[in-house]
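Just the heavy atoms: all of them, side chains too, but no hydrogens, waters or symmetry mates, feed the values below. Numbers restart at 1 for each chain; the letters A, B, ... are given by sequence-line order, proteins then strands.
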Protein chains: 2
Amino acid sequence: MTCKPDDATVSAWIGLSRAQRLATAGIEARLKAADLPPLSWYDALWELEKAGECGLRPFELEKALLFEQYNLSRLVDRMTRAGLVDRCVCPDDRRGQTLKISGEGRALRQRMWAVYGPAIAEVIGERLAPGEADQLAALSAKLC
Amino acid sequence: MTCKPDDATVSAWIGLSRAQRLATAGIEARLKAADLPPLSWYDALWELEKAGECGLRPFELEKALLFEQYNLSRLVDRMTRAGLVDRCVCPDDRRGQTLKISGEGRALRQRMWAVYGPAIAEVIGERLAPGEADQLAALSAKLC
DNA sequence: TTGATGTCGATGCGATTGCATCTATATTGA
DNA sequence: TCAATATAGATGCAATCGCATCGACATCAA
């Protein structure tokens, strides 16, 4: 049975939550200031770019991004309308489709990384001593 | 100048983000399954309960919760309509108001904690060895 | 086969968020 | 004092989210 959390657990949860929200806000603000789309667009573009030629099915992207199905459907809508992603026919499953990043999509991802990368460095990297980032990554991994 | 983040920093950021989102989703799902309002309501109620008799100004709550001003305004709206929070006149500043938790609000916070507490234990506590929670809290604090 | 059930993705609708801006009051400085 | 500026909080409107559900195809069991 699951009982009440101890104080250390509560502090960890509150800290995790605040840290992530502050970092996200900082990063999103920098993207917006540079007239770039939100983080979720970057994440989608990056997953699709990593997937390469064969692309990804929407449900795969959904799992990779931890998105709700309906939100992913609409995100893909917007990105397709923006010319960043191509919806291709899926040979194996006629219910589905295959998503591929376009040239424009690749270009936008690069422009976003030019802002996103330094933002991560500023918001996370500069605040952690060497080795602490690894610790944080390891602890986070245990929660997934 | 801020340059590119190193790999450890990127891993820390991605891990932090995924861990927080998964944990949040798990906790919110449990609240919803118990027919309870979302986490933000709990957070607001808890801040107001901690503040005690003298209550809090909306802008103080805004800072405590890391909310946008307009979102806080509307959250308070909904919670007031639900009878959980009282808007009181603010003697010092006639532009503003003082927010106080109601009896109903206190009661709801308790009922929420009965779900929220175990949820934290399950999603965070059970996945971290003793001491790791403290480490995570300490690392998170460096990011704030 | 074929009927029952499961999975993929889209969508109508109401709720919430983000942006810009507004009103009212407070503060500051000439 | 009083005009200029700043701060507290609300709100109209468009974009996005959450929920429920749908249509289309796939899979599985008899």
Side-chain angles (χ1 to χ4, degrees), chain A residues 21 24-44 47-48 55-82 84-100, chain B residues 21 24-44 47-48 51 54-82 84-100:
Chain A
R21 283 190 294 168
T24 300
I27 292 169
E28 293 277 20
R30 274 160 242 247
L31 288 171
K32 191 167 313 176
D35 256 308
L36 291 168
L39 258 183
S40 53
W41 287 41
Y42 181 89
D43 293 338
E47 290 298 329
L48 289 173
L56 284 180
R57 299 288 299 274
F59 71 89
E60 298 175 300
L61 198 49
E62 178 189 329
K63 273 152 197 74
L65 301 184
L66 303 176
F67 255 58
E68 299 295 330
Q69 184 270 320
Y70 45 83
N71 283 334
L72 183 78
S73 175
R74 283 155 170 163
L75 175 65
V76 170
D77 253 19
R78 282 173 241 140
M79 296 182 72
T80 302
R81 279 199 299 272
L84 304 168
V85 172
D86 296 321
R87 294 183 196 265
C88 308
V89 292
C90 179
D92 312 331
D93 189 335
R94 279 189 301 171
R95 288 169 304 181
Q97 61 199 250
T98 302
L99 304 173
K100 295 182 186 166
Chain B
R21 282 190 293 169
T24 300
I27 292 169
E28 293 277 20
R30 275 158 240 249
L31 287 171
K32 191 167 314 176
D35 255 308
L36 290 168
L39 258 184
S40 53
W41 288 40
Y42 181 89
D43 292 339
E47 290 297 329
L48 289 173
C54 46
L56 283 180
R57 298 289 299 274
F59 71 89
E60 298 175 299
L61 199 49
E62 178 189 326
K63 273 152 197 74
L65 301 184
L66 302 177
F67 255 58
E68 300 294 329
Q69 184 269 319
Y70 46 84
N71 282 334
L72 183 79
S73 175
R74 282 154 171 162
L75 175 65
V76 170
D77 254 17
R78 282 172 242 140
M79 296 181 73
T80 302
R81 277 199 300 271
L84 305 168
V85 171
D86 296 322
R87 293 184 197 263
C88 308
V89 292
C90 178
D92 313 330
D93 189 335
R94 278 189 303 170
R95 289 170 303 182
Q97 58 198 253
T98 301
L99 305 174
K100 296 182 184 165

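Exactly one residue among Leu75(A), Asp43(A), Val76(A) makes a side chain to side chain contact (heavy atoms under 4.5 Å, CB included) with Phe67(A). That residue is Leu75(A).
Of the side-chain N and O atoms in Arg87(A), none sit less than 4.0 angstrom from OP1 or OP2 of dC8(C). A close approach under 4.0 Å does not occur between any side-chain nitrogen or oxygen of Arg81(B) and OP1 or OP2 of dA15(C). The phosphate of dG9(D) (OP1 or OP2) has no side-chain N or O of Ser73(B) nearer than 4.0 angstrom.
As rounded to whole Å, 8 Å separates atom P of dG9(D) from atom CG of Leu99(B). Distance Phe59(B) CZ to dA6(D) P: 18 Å, rounded to the nearest Å. Counting to the nearest Å, the P atom of dG18(D) and the CG atom of Leu66(A) are 13 Å from each other. Rounded to an integer number of Å, the gap from Leu72(B) CG to dG9(D) C1' is 10 Å. Counting to the nearest Å, the C1' atom of dT11(C) and the CG atom of Asp77(A) are 10 Å from each other. Summarising the geometry, the separation between CZ on Phe67(A) and P on dT16(D) is reported as 11 Å, rounded to the nearest angstrom. Computed from coordinates, the Gln97(A) CD to dC8(C) P distance equals 12 Å when rounded to whole Å. In this structure, Leu61(A) atom CG and dC8(C) atom P are separated by 14 Å, rounded to whole Å.
Looking at residues two or more places apart in sequence or on another chain, you find no side-chain contact (heavy atoms from CB on, under 4.5 Å) involving Ala25(B). The salt bridge (Lys or Arg N to Asp or Glu O under 4.0 Å) check on Arg94(A) picks up nothing, with sequence neighbours excluded.
Listed by first and then second residue, the side chain to side chain donor-acceptor pair (under 3.5 Å) pairs that reach into residues 24-37 of chain B are Gln20(B)-Thr24(B), Arg30(B)-Glu122(B), sequence neighbours excluded. Applying the side chain to side chain donor-acceptor pair (under 3.5 Å) rule to pairs touching residues 68-78 of chain B yields Asp77(B)-Arg87(B), sequence neighbours excluded.
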Sugar-phosphate or base contact per nucleotide [nucleotides 18-26 of chain C; S, B, -; heavy atom under 4.0 Å]: BB----BBS
Side-chain atoms of residues 54-63 of chain B: list all donor-acceptor pairs with protein atoms under 3.5 Å, sequence neighbours left out, distances to 0.1 Å.
residue  : atom : partner  : partner atom : Å
Arg57(B) : NE   : Gln97(B) : O            : 3.1
Glu60(B) : OE1  : Arg57(B) : N            : 2.7

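Across Val89(A) and Thr98(A), no two heavy atoms sit closer than the pair O-OG1, 4.1 Å.
Looking at which nucleotide of DNA chain D each of Arg57(B) and Ser40(A) is closest to, the 5′-most match is held by Arg57(B).
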